[in-house]
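Working notes for the structure below.
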Amino acid sequence: MRKLHLFISTISLILFTAIPALASRPDNVPDWVRTAAQQKVPQYPPETNAVVLLEDTTYTVAPDGSATEHFRSVVKILRPQGRDEGRIAVPFDKDTKILSLHVWSIGPDGHEYAVKDSEQVEFGYPGQGNLFMDLKVRAAEAPGRDPGGVVAYEYEQRTHPYLTEKTWFFQSELPRLNQSFTLELPPGFIHGTVWAHSRELPAIDLEHQRWRWEMKDVPPIDLDQVELRPSESSLEGRMTVHYAGPTIQSPTEGTWQSVGQWYQTLAKDRLTATPEIAAKAKELTGDKTDFYDKTEAIAEFVQKQVRYFAIEMGIGGHQPHYAADIFRNRYGDCKDKATLLVSMLSTVGVHGALVLVDDRRGFIDPDAPSIRGDHMIAAIEIPKGYNSPKLRSVVTAKSGRRYLIFDPTWDKTAFGQLAHNLQGGYGVLVEGPDSQIIQFPVLSPDLNTIRRTATFQLEPDGSLKGTVTEKRFGDLSEHRRDLYISGDAKEQTKFLERLLGQDFTTFTVSDFKVQNAEALNKDLTTSYSLTADHFGKPMGPLLMVRPRVLGSEALYADRKERHNVPINLSETMQEQDDYTIELPSGYAVDEIPDPVKLDLGFASYESSSVVKDHTLHYTRTYTVREVTLPADRYPDVQKLSGVIAADEQSKAVLKKQ
């Protein structure tokens, strides 16, 4: 799926260094720009970088179903940090030709500028990394883009001929004073709208198949300095217009069923298995008869042996390649990998379906059907009556069919599970007439774990030595599995040193071992010997010791107002620590931290320090059970944050006898 937000971010790093110095043509700014620039700007918070004075979109559909978009924008820069708003970049590809682009600006001193066509530049995607696409950008940098200046641009562009919907994004990180969206349809066409993250506004009927929606004073989505914040795209207001007419064969009619059927027309013939695909599936499954064993063998092949590489040209940004080509080339993007998986499964009697998703939880709104999304995964139908504890990410469709949801692109997620950023979100199950929106499960905390155990000896001078074993499973093991599989010894050593440097001032590590780095359904296990000087802090006859020797689970929650922004806890998880410290001879425990026990429903935390047989034994368990909370639970999150921070820094006091 096309990831335009990632593309634009990448391009912006190299784009504007090559744009030539711009000339000025006085008194050439259109009246609509001057009128917008003369508006009185409300008083905004001092950190507001810029304000959208005007944004106007006219979307005109032709009788053959093709469409043209006419767009105008006027932005006033309020702070130096807002200068980037004067960098104009309009993406296009072979199906979305830019018919015209004009850029103007008015400097803080009132000087007017018009950017010449020769001063605009075009850039293609640089072809880096694992993505090649035909998407390009036409760009210009407006002069006078300083605080108090105004930047305006206008373009006309053809849109993708195979789409029958248009989304109007009317909210972003900037406040917006005036904006409108106008729809123009041919005779005989009909339309409908769906709204996400906003109340529905009535359209103004302009007659002759023309409608307009207008908005004023739309507030920004401000997530700066908001801890535990969700994706901005999960909050931005948007309206999607669906249209249909006698010349459109497979429209998306504002229902999830029609979205799924539309996509099935794109993908159906791409799923056809060849003899070579069937032979490989038979080879992988061998004499396996159990459903889990068969599907796991094929899923892990696609997950690990088909390299992620995206080639997206025109409709290829939406349509997968043929399964035969994906299998032969051994590479593909997310929709290609999901397509090959479904194709291979079909040859061993297992039904699978494609699932349209977005990797930003909350972006897909179940009440706003649309094809918009940036990722694709697979749903594998589970036979009736079959059950296994290994099947964790399971959903039940309206038909009663059960599906295992699996992402073959995410190569560090064990088969049977689902990456945390998709849990709790929604996707479109592509099953022809049975296509529907489905919600993904939030997995149990015990499927995403850290278990640390350690035994130490503490010396009278405060030095500490011992052995540490850590076991990780689920998403919490992802980064380290990647490091231990792909990273070199130097990278691995630096990572461990940086990690332990958070808890110790000076230390040495030896006998470091790693097990099960590639076995995703087994614990990633690391073990090592540790010596740390100055761990205990002598204070006369006293020795101060931190029972929580290593491993921090700090929860950052220091902002007091969230303005109705939901709380993103990211993932369910459970961490358990079990440390034993043998005390130095001649010392006895004089004071230990009080036990901690807090259960807030969405999360719990408990710890205890116990002295027995001249040892100090520390245990703790931290569990997160939910991924998203309403804003009004933030005081509870702050309470949890404070309890964790206090416990992690609490000290035991040893006294010399």
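All values below were derived from every heavy atom in this structure, side-chain atoms included, with hydrogens, water molecules and symmetry-related copies excluded. Numbering starts at 1 and runs along the sequence shown. In this text the structure is predicted, and so the values were computed from the model without any measurement.
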With a 4.5 Å heavy-atom cut-off, do [X] and [Y] have their side chains touching?
X	Y	value
Arg481	Glu518	no
Tyr587	Pro460	yes
Pro547	Ile592	no
Phe473	Asn521	yes
Leu524	Leu476	no
Leu654	Pro584	yes
Gln171	Pro219	yes
Leu223	Leu235	yes

Strictly by modelled atom types, are [X] and [Y] linked by a side-chain donor-acceptor pair under 3.5 Å?
X	Y	value
Thr623	Gln574	yes
Ser608	Thr619	yes
Gln303	Trp410	no
Asn49	Arg79	yes
Glu582	Thr615	no
Asp461	His534	no
Arg472	Thr525	no
Ser607	Asp647	yes

Looking only at heavy atoms, which two atoms of [X] and [Y] are closest? And how far apart?
X	Y	value
Ala414	Phe406	O-CE1, 4.2 Å
Leu418	Asp475	O-OD2, 4.4 Å
Ile377	Ala338	O-CB, 3.6 Å
Tyr403	Leu429	CE1-CD2, 3.8 Å
Pro445	Met573	CB-O, 3.4 Å
Gly332	Val306	N-CG1, 4.2 Å

* Reference residue Glu575; test side-chain contact (heavy atoms from CB on, under 4.5 Å); the match among Ile450, Val624, Thr449, Asn448 -> Ile450
* Result of checking Leu543, Val611, Val653 against Val589 for side-chain contact (heavy atoms from CB on, under 4.5 Å) -> Val611
* Is the closest basic N to carboxylate O distance between Arg372 and Asp358 below 4.0 Å? -> no
* To do: In plain terms, say whether Glu491 and Arg498 are close enough for a salt bridge, that is, a side-chain N and a carboxylate O under 4.0 Å apart.
  => no
* Could you pull out all residues at least two apart from Arg402 that satisfy salt bridge (charged side-chain N to carboxylate O under 4.0 Å, His left out)? => none
* Establish, yes or no, whether the cationic atom of Arg330 lies under 6.0 Å from the six-membered ring centre of Phe309 and within 45° of the ring axis. => no
* To the nearest 0.5 Å, how far apart are CZ in Phe291 and CG in Asn387? -> 11.0 Å
With sequence neighbours left out, what residues match [X] under ring-ring contact (aromatic ring centres under 6.0 Å, His included)?
X	result
Phe456	none
Phe535	Phe504
Tyr292	Phe415
His617	none

* To do: Please test Arg633 against Asp636 for salt bridge (Lys or Arg N to Asp or Glu O under 4.0 Å), starting from the C-alpha separation and ending with a verdict.
  => CA-CA 5 Å; Arg633 296 301 303 272; Asp636 288 335; 2.8 Å; yes
* Qualifying residues under side chain to side chain donor-acceptor pair (under 3.5 Å), relative to Ser172, sequence neighbours excluded -> Arg176
* Asked: Does the salt bridge (Lys or Arg N to Asp or Glu O under 4.0 Å) test come out yes or no for Glu553 and Arg452, once each step is laid out?
  -> CA-CA 13 Å; Glu553 292 302 323; Arg452 300 187 192 93; 3.7 Å; yes
* Run through Asp359, Asp407, Asp333 and flag the one making a side-chain hydrogen bond (donor to acceptor under 3.5 Å, both in side chains) with His375. => Asp407
